[in-house]
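Since the structure is predicted, the reported quantities are computational estimates derived from the model, not experimental observations. Computation of the quantities below employed the complete heavy-atom set of this structure, encompassing side-chain atoms and omitting hydrogens, waters and symmetry-equivalent molecules.
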2 protein chains.
Amino acid sequence: MDADLDTVFAALADPTRRTILTMLLEDDMAVTDVAEPFEMSLAAISKHLTVLTRAGLISQERRGRVKWCKLQPDALKNASVWMQGFGQFEPVNLDAFERFLQQELSEAPYSET
Amino acid sequence: MDADLDTVFAALADPTRRTILTMLLEDDMAVTDVAEPFEMSLAAISKHLTVLTRAGLISQERRGRVKWCKLQPDALKNASVWMQGFGQFEPVNLDAFERFLQQELSEAPYSET
DNA sequence: CGCATATTCAACCGATTGGTTGACGATTGC
DNA sequence: GCAATCGTCAACCAATCGGTTGAATATGCG
């Protein structure tokens, strides 16, 4: 039915891809630069970027031999709206965000998984 | 860690599971009743329900021989909050979001424990 | 007790996922 | 022109996913 939600949620279900999205919040990046901090091949990152592109979460524009990746946060809207259908929390809740930050940050950054 | 986000987003990436969640918005349901409208085996639905349970999106309580499924929408909070961070990265709370970014990025492999 | 109901388990299947490597096409710069 | 850089493609691999079927385990009921 809603293949859109399928692909968006599936794209978000991978930590590497979520990290890439947060990296792109800072600025647009070339594929090679996106790949740099990760301990995996460029080809693997390239695949992740196609997944994100197909989900509409980023766009890729080639300029010369460099392909620039740009965040497209609007793609999250449908998914966000879908989740808000469950109505147990306010649509835009910065307080919840702050609490989430506290919780995230209070966890040991380097604890073994 | 956000293995939480992994499992929640992965659970949401399936249309059958999303439909089940919306069904449970109406009311708690027994496993058999959840399965009834779907054109797949009860065992398949049972598996979907375990996925949802492991993601914390529902809880299952056995009463007699019937296992009741109950929506747990709070599990969506972290995921929703994570997504909303992308929707509004211009507002005042950029500081908090920056700290969130640091946390996320510090989980990239190059920080190897 | 004996049978129906409710649900899960176990084994299996094909498709997809996330990763690798090596070759390849395009583009840039000396 | 040629070599280096950027990125993808193709083939492969192991693991996971979403589904099936059939047997197994509780539990409730007459």
Side-chain angles (χ1 to χ4, degrees), chain A residues 1-21 23-24 27-70 113, chain B residues 1-21 23-24 27-70 107-110 112:
Chain A
M1 207 178 67
D2 208 334
D4 235 25
L5 286 181
D6 281 24
T7 54
V8 168
F9 281 131
L12 294 178
D14 183 280
T16 300
R17 289 194 289 264
R18 286 199 308 275
T19 301
I20 291 176
L21 290 180
M23 289 165 63
L24 290 178
D27 209 349
D28 300 355
M29 296 179 78
V31 173
T32 306
D33 295 333
V34 170
E36 193 272 333
F38 295 97
E39 273 178 348
M40 70 180 71
S41 69
L42 180 62
I45 296 295
S46 181
K47 281 190 188 180
H48 280 304
L49 291 172
T50 0
V51 171
L52 290 171
T53 301
R54 276 206 277 260
L57 290 164
I58 68 169
S59 61
Q60 291 180 286
E61 180 200 356
R62 172 153 233 140
R63 274 205 300 275
R65 64 180 166 183
V66 174
K67 208 167 183 179
W68 292 92
C69 305
K70 183 196 203 68
T113 50
Chain B
M1 250 71 39
D2 41 343
D4 232 23
L5 287 181
D6 280 26
T7 54
V8 168
F9 281 132
L12 294 179
D14 184 279
T16 300
R17 288 194 289 263
R18 286 199 308 275
T19 302
I20 290 175
L21 290 179
M23 288 165 63
L24 290 178
D27 208 348
D28 300 355
M29 295 179 79
V31 173
T32 306
D33 295 332
V34 169
E36 193 270 333
F38 294 97
E39 273 179 349
M40 70 180 71
S41 70
L42 181 62
I45 296 294
S46 181
K47 281 191 189 179
H48 280 304
L49 290 171
T50 22
V51 171
L52 290 171
T53 301
R54 276 205 279 259
L57 290 164
I58 68 170
S59 62
Q60 291 181 286
E61 180 200 354
R62 175 151 232 142
R63 274 205 301 274
R65 63 182 165 179
V66 174
K67 209 167 184 181
W68 293 92
C69 306
K70 183 197 203 69
E107 287 174 4
Y110 61 86
E112 47 129 22

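A 4.0 Å heavy-atom criterion places the boundary nucleotides of DNA chain C facing chain A at dG18(C) to dT28(C), written 5' to 3'.
In this structure, Glu36(A) atom CD and dC6(D) atom P are separated by 12 Å, rounded to whole Å.
Across all strands shown, Arg17(A) has heavy atoms under 4.0 Å from sugar-phosphate atoms exclusively, and none from any base.
Atom OG1 of residue Thr16(A) and atom CG of residue Leu21(A) lie 11.0 Å apart, to the nearest 0.5 angstrom.
Side-chain atoms of Leu12(A) and Arg17(A), non-hydrogen and from C-beta on, never get closer than 4.5 Å to each other.
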Quick test: give all pairs of protein nitrogen or oxygen and nucleotides 7-10 of chain D nitrogen or oxygen below 3.5 Å, distance rounded to 0.1 Å.
from   : atom 1 : to       : atom 2 : distance (Å)
dG7(D) : OP1    : Val31(A) : N      : 3.4
dG7(D) : OP1    : Lys67(A) : N      : 2.7
dG7(D) : OP1    : Lys67(A) : O      : 3.3
dG7(D) : OP2    : Thr32(A) : N      : 2.6
dG7(D) : OP2    : Thr32(A) : OG1    : 2.1
dT8(D) : OP1    : Lys67(A) : NZ     : 2.9
dT8(D) : OP2    : Ser46(A) : OG     : 2.2
dT8(D) : O5'    : Ser46(A) : OG     : 3.4

Expected rows: protein N/O vs nucleotides 14-16 of chain D N/O, under 3.5 Å:
none

Exercise answer: donor-acceptor pairs, residues 63-70 of chain B side-chain atoms, under 3.5 Å, sequence neighbours excluded:
from     : atom 1 : to       : atom 2 : distance (Å)
Arg63(B) : NH1    : Glu61(B) : OE1    : 3.3
Arg63(B) : NH1    : Glu61(B) : OE2    : 3.4
Lys70(B) : NZ     : Asp28(B) : OD2    : 3.4

Report all side-chain donor-acceptor pairs from residues 50-57 of chain B shorter than 3.5 Å, counting only partners two or more places apart or in another chain.
from     : atom 1 : to       : atom 2 : distance (Å)
Thr50(B) : OG1    : Ser46(B) : O      : 3.0
Thr50(B) : OG1    : Lys47(B) : O      : 2.6
Thr53(B) : OG1    : Leu49(B) : O      : 2.7
Thr53(B) : OG1    : Gln60(B) : OE1    : 3.0

Below 3.5 Å, can you tabulate the donor-acceptor pairs from side chains in residues 30-44 of chain B to any protein atom, sequence neighbours excluded?
from     : atom 1 : to       : atom 2 : distance (Å)
Ser41(B) : OG     : Ala44(B) : N      : 3.1

